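In what follows, every heavy atom counts, from backbone to side chain, and hydrogens, waters and symmetry copies are set aside. Note that the structure is a prediction, hence the values are computed from the model and not measured.
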Amino acid sequence: QVQLVESGGGLVQAGGSLRLSCAASGRTFSTYGMGWFRQTPGKERDFVAGINWSGGSTYYTDSLKGRFTISRDNAKNTVYLQMNSLKPEDTAVYYCARKARQGSYYSPEGYAYWGQGTQVTVSS
């Protein structure tokens, strides 16, 4: 059973930064891609960023490139999302997910396991 636990969310002022962490259980973490998504009430879960098993390839939704950075530490079974220059519209619940063997990084259907989410609130 794979467990993903996000942390690092909270309340921040516009222009500030947060770093989210996602700790994964299991010994196969380093063989799977990982992703971050976000969701606001009544809306679909949107892709934020993805990273392949080695960290050598990263993927971002265009609107967030340059502000958000995904990274991973396979020795710690952890994936990170560094969020800079935060805006009120970044307010959402942020989820990390472990990639399935098949499927796109950009779609929720491409992921097999999900964390419980962490709330990020950006005040204006």
Side-chain angles (χ1 to χ4, degrees):
Q1 182 73 7
V2 174
Q3 290 189 320
L4 302 173
V5 180
E6 300 99 335
S7 60
L11 174 64
V12 64
Q13 288 189 331
S17 297
L18 283 175
R19 189 177 80 154
L20 305 183
S21 299
C22 174
S25 66
R27 294 182 292 178
T28 59
F29 173 81
S30 63
T31 68
Y32 285 88
M34 298 292 295
W36 286 96
F37 286 74
R38 67 185 184 183
Q39 189 172 25
T40 54
K43 296 191 175 181
E44 294 183 350
R45 196 166 292 189
D46 292 330
F47 174 73
V48 172
I51 189 167
N52 77 332
W53 65 274
S54 68
S57 295
T58 56
Y59 313 90
Y60 296 94
T61 192
D62 286 344
S63 62
L64 298 177
K65 283 181 182 177
R67 292 198 299 123
F68 288 18
T69 303
I70 189 171
S71 62
R72 67 188 297 161
D73 185 339
N74 285 343
K76 295 182 178 180
N77 275 21
T78 302
V79 63
Y80 305 97
L81 184 68
Q82 178 68 44
M83 305 186 295
N84 298 328
S85 302
L86 283 161
K87 304 175 181 180
E89 51 263 43
D90 295 319
T91 295
V93 177
Y94 284 71
Y95 298 89
C96 77
R98 197 189 82 171
K99 186 82 172 54
R101 289 301 186 193
Q102 303 294 329
S104 169
Y105 274 92
Y106 297 89
S107 171
E109 287 73 28
Y111 294 80
Y113 295 94
W114 294 84
Q116 82 288 350
T118 186
Q119 175 71 46
V120 171
T121 303
V122 184
S123 64
S124 58

Between [X] and [Y], which heavy-atom pair has the shortest distance, and what is it?
X      : Y     : answer
Tyr111 : Ala97 : CD2-CB, 3.5 Å
Gln39  : Ala92 : O-CB, 3.5 Å
Thr78  : Ala23 : OG1-CA, 4.1 Å
Ser123 : Leu11 : CB-CD1, 4.2 Å
Pro88  : Ala14 : CD-CB, 4.1 Å

Would you check if [X] and [Y] make a side-chain contact, meaning some heavy-atom pair closer than 4.5 Å?
X      : Y     : value
Tyr60  : Ile70 : yes
Tyr95  : Leu4  : no
Leu18  : Leu86 : yes
Gln116 : Glu6  : yes

Once the angle between the rings of Tyr59 and Tyr105 is folded into 0 to 90°, is it parallel (under 30°), tilted (30 to 60°) or perpendicular (over 60°)?
parallel
What's the separation between atom [atom1] in [X] and atom [atom2] in [Y], rounded to the nearest 0.5 Å?
X      : Y      : atom1 : atom2 : answer
Cys22  : Gln3   : SG    : CD    : 11.0 Å
Ser124 : Lys87  : OG    : NZ    : 14.0 Å
Phe47  : Tyr106 : CZ    : OH    : 5.5 Å
Tyr113 : Cys96  : OH    : SG    : 13.5 Å

Name the residue from Thr118, Thr69, Val48, Val120 that meets the side-chain contact (heavy atoms from CB on, under 4.5 Å) definition with Leu81.
Val48
Identified side-chain contact (heavy atoms from CB on, under 4.5 Å) partner of Arg38 from the options Thr91, Asp90, Val93:
Asp90
Is Arg45 positioned over the aromatic face of Phe37, cation under 6.0 angstrom from the ring centre and no more than 45 degrees off axis?
no
Quick one: does NZ or CZ of Arg72 land under 6.0 Å from the six-membered ring centre of Phe29, within 45 degrees of the ring axis?
yes
More than 12 heavy atoms of other residues, nucleotides or ligands under 6.0 Å from [atom1] of [X]: is that the case?
X      : atom1 : result
Arg101 : CZ    : yes
Trp53  : CH2   : no
Glu89  : CD    : yes

Taking Trp114 as the starting point, is it possible to reach Val5 by hopping between hydrophobic residues whose side chains are less than 4.5 Å apart?
no
Shared hydrophobic cluster for Val2 and Tyr80 (ILVMFWY, side-chain gaps under 4.5 Å):
no
Is a side-chain donor or acceptor of Lys65 paired with a backbone partner of Phe68 at a separation under 3.5 angstrom?
no
Gln82 side chain to Arg19 main-chain N or O, any donor-acceptor pair under 3.5 Å?
no
Could you walk me through whether Val79 and Ile51 satisfy the side chain to side chain contact (heavy atoms under 4.5 Å, CB included) test, starting with their C-alpha distance in whole Å, then the side-chain angles of each, then the deciding distance to 0.1 Å, before giving a yes or no?
CA-CA 9 Å; Val79 63; Ile51 189 167; 4.1 Å; yes
